[in-house]
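Remarks on the structure that follows.
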Amino acid sequence: MSLFIYNTLKRKKEEFVPLHDGKIGIYVCGITAYDRCHIGHARSAVVFDVIVRFLRKSGFDVTFVRNFTDIDDKIINRSNKEGISTSELVEREIGHFYQDMDALGVKRADIEPRATEHIPEIISLIERLVDRGYAYEAGGDVYFSVRKFPNYGKLSGRDLEQLLAGARIMPGEHKVDPLDFALWKGAKPGEPYWESPWGKGRPGWHIECSAMSMKYLGETFDIHGGGLDLAFPHHENEIAQSEAATGKQFVRYWVHNGFVTIKGEKMSKSLGNFITIKDILEQYHPEALRLFLLSKHYRSPLDYSPESLNEATSALDRCYKALFEAAQIVEAPVKKQRPLPEHVKESAAFIKGLEEKVDVAMADDFNTAKALGHIFDAIRGVNRILEEARRKPSALYKEILKDSSRQILQAAKIFGILTEDPGAYIEKRNLAALESSGLSLKELETLIEERNNARKEKNWERADEIRDSLAQKGILLKDTPTGTKWSADL
RNA sequence: GGCGGCGUAGCCAAGUGGCUAAGGCGACGGUCUGCAAAACCGUUAUUCCCCGGUUCGAAUCCGGGCGCCGCCUCCA
């Protein structure tokens, strides 16, 4: 199956053909480790996590690199403010990052390089640029001469004159042209520094990604990703530096994810309107967050609200409930071998084709929203089969439900959802509801018994009273042929 | 101001020239139930921001409006 990817460089969807047959190198800009990650970071992480999973499943041998920026102005400022070293701050925040990602089920990249561990590579890349006349030293800094690189602006669609209007030289900078950007920054007193041919200093932000991506993936590689806000200037500068140094195309496909917004505005540290991953996960299941993040195409803006997470939670519950019910049927002893009705066979046949449908959707520029739609269709299919299985039990349902569940789980894998045991998921929700209701299990069971006695005596008033008061506490009662069941208000 | 994107049901959202405009959340009616809940079935956009054009045919292409958002400074 051909894979189509929207390439920011070309501003259109195009067929993806890897540089080396069957192999893909992908580099994604990671975080600057100075603060907790918010939902915007989660989106980028989850989107590329899913993309990498899909590429691997499609048979590609993927090398996935995601960096940590562990030295820059924000890190220095923050560590000064907190009175700790930059490395203490960075270690702490990378620890937080891993906590969040592990909770979210975002897999580690194959290589997770840090800028400070690649100073020699960075220096040699800068030297190459100086040698080729694209960079110059000034006052202990080294700058890239934007005007010497003719293709500058090709990614973000800007020309130099426009850029010049907004560009300026800040105090303390030594650049010759306002358009130029720093490759190396001379150390100010008290700042961390490394020795270099230009004296003590540290790398600029953009150069680390060029140096590290080319080190691990080669001077030309397939996919470079990141948030849309990185397209300019970060990625534009990466292209300029890398291509000026090598004379070769740097990246073949640029992939940018859209922002998470809140009330229609971009969520960002500077606007202060962000919600951290940690905060979200205290209230919602990690898979509900993944479902929310994947519910819209990765390039579009995605608006966060508590309601949207509640919706995602309801949708997730629906899936787990169906899978749980299916597992119950699979385990229940049934002797009858009634033949299966036609519509059950149709549902099962649809579910058999699920993985292929999901793959087709994903191969079209990673259309997760469409793919998830197919998964929900399949869940409805399972519920249809269950409906029939409850009405007219037959041992034949066991196999068909087992198969259907397996296919759904298989298809859901690349999204990192439905990874829990359905029984455990529901149990967890139920216990949480019980706890927040303030009742003990014993008290709840006593109430259920009392209600059932009332029902036997047709004392509906008392029975409903008990049910209503439990409902107010978030516990639902369900009278089934096999007795009264209680559950969280799913 | 320059560049880019978006506007599909009550809400979220897929669909980029032609089969019944996916799916989720919600609402309403039915089946089930003592009544409920869950699940299933049905209803919920004769129409895709507005106006004009191209075409046998447009949500989808083109032109013009209106509205929203992003980038142009650190940002996933």
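Residue numbering restarts at 1 for every chain, and letters A, B, ... go by the order of the sequence lines.
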With sequence neighbours left out, write down each residue that passes salt bridge (charged side-chain N to carboxylate O under 4.0 Å, His left out) with A:R380, or none if nothing qualifies. none

Applying ring pair (Phe, Tyr, Trp, His ring centres under 6.0 Å), name anything that partners A:H41, two or more places apart in sequence or on another chain. A:H38

Among B:A39, B:A76, B:A14, find the nucleotide with the atom closest to the side chain of A:K321. B:A39

Inter- and intrachain pairs under ring-ring contact (aromatic ring centres under 6.0 Å, His included), touching residues 290-322 of chain A, at least two apart: A:Y320-A:Y425

Grab the N/O contacts between the protein and nucleotides 19-27 of chain B below 3.5 Å, and write none if there aren't any.
from, atom 1, to, atom 2, distance (Å)
B:G24, N2, A:E311, OE1, 3.1

Salt bridge (charged side-chain N to carboxylate O under 4.0 Å, His left out) against A:E191, all qualifying residues, sequence neighbours excluded: A:R202

Selection: residues 462-482 of chain A, any non-hydrogen atom under 4.0 Å of RNA chain B: A:D464, A:R467, A:L476, A:L477, A:K478, A:D479

Strictly below 4.0 Å, heavy-atom distances to any atom of RNA chain B: list the hits from residues 92-116 of chain A, or just say none. none

Can you name the salt bridge (charged side-chain N to carboxylate O under 4.0 Å, His left out) partners of A:R36, sequence neighbours left out? A:D100

Output one line per pair: protein atom, nucleotide atom from nucleotides 2-9 of chain B, and distance, for all N/O pairs under 3.5 Å.
from, atom 1, to, atom 2, distance (Å)
B:G2, O2', A:Q162, OE1, 3.4
B:G2, O2', A:Q162, NE2, 2.9
B:C3, O2', A:G157, O, 3.4

Taking only side-chain nitrogens and oxygens of A:K266, does any of them come within less than 4.0 Å of OP1 or OP2 of B:A76? no

Kindly write out the residues that satisfy ring pair (Phe, Tyr, Trp, His ring centres under 6.0 Å) with A:F4, not counting sequence neighbours, or none if the list is empty. none

Would you kindly give the NE2-to-P distance between A:H256 and B:C72, to the nearest whole Å? 13 Å

Sequence neighbours excluded, every pair satisfying ring-ring contact (aromatic ring centres under 6.0 Å, His included) that has a member inside residues 345-387 of chain A: none

Return the set of residues passing salt bridge (charged side-chain N to carboxylate O under 4.0 Å, His left out) with A:K398 (not counting sequence neighbours), or none when no residue passes. none

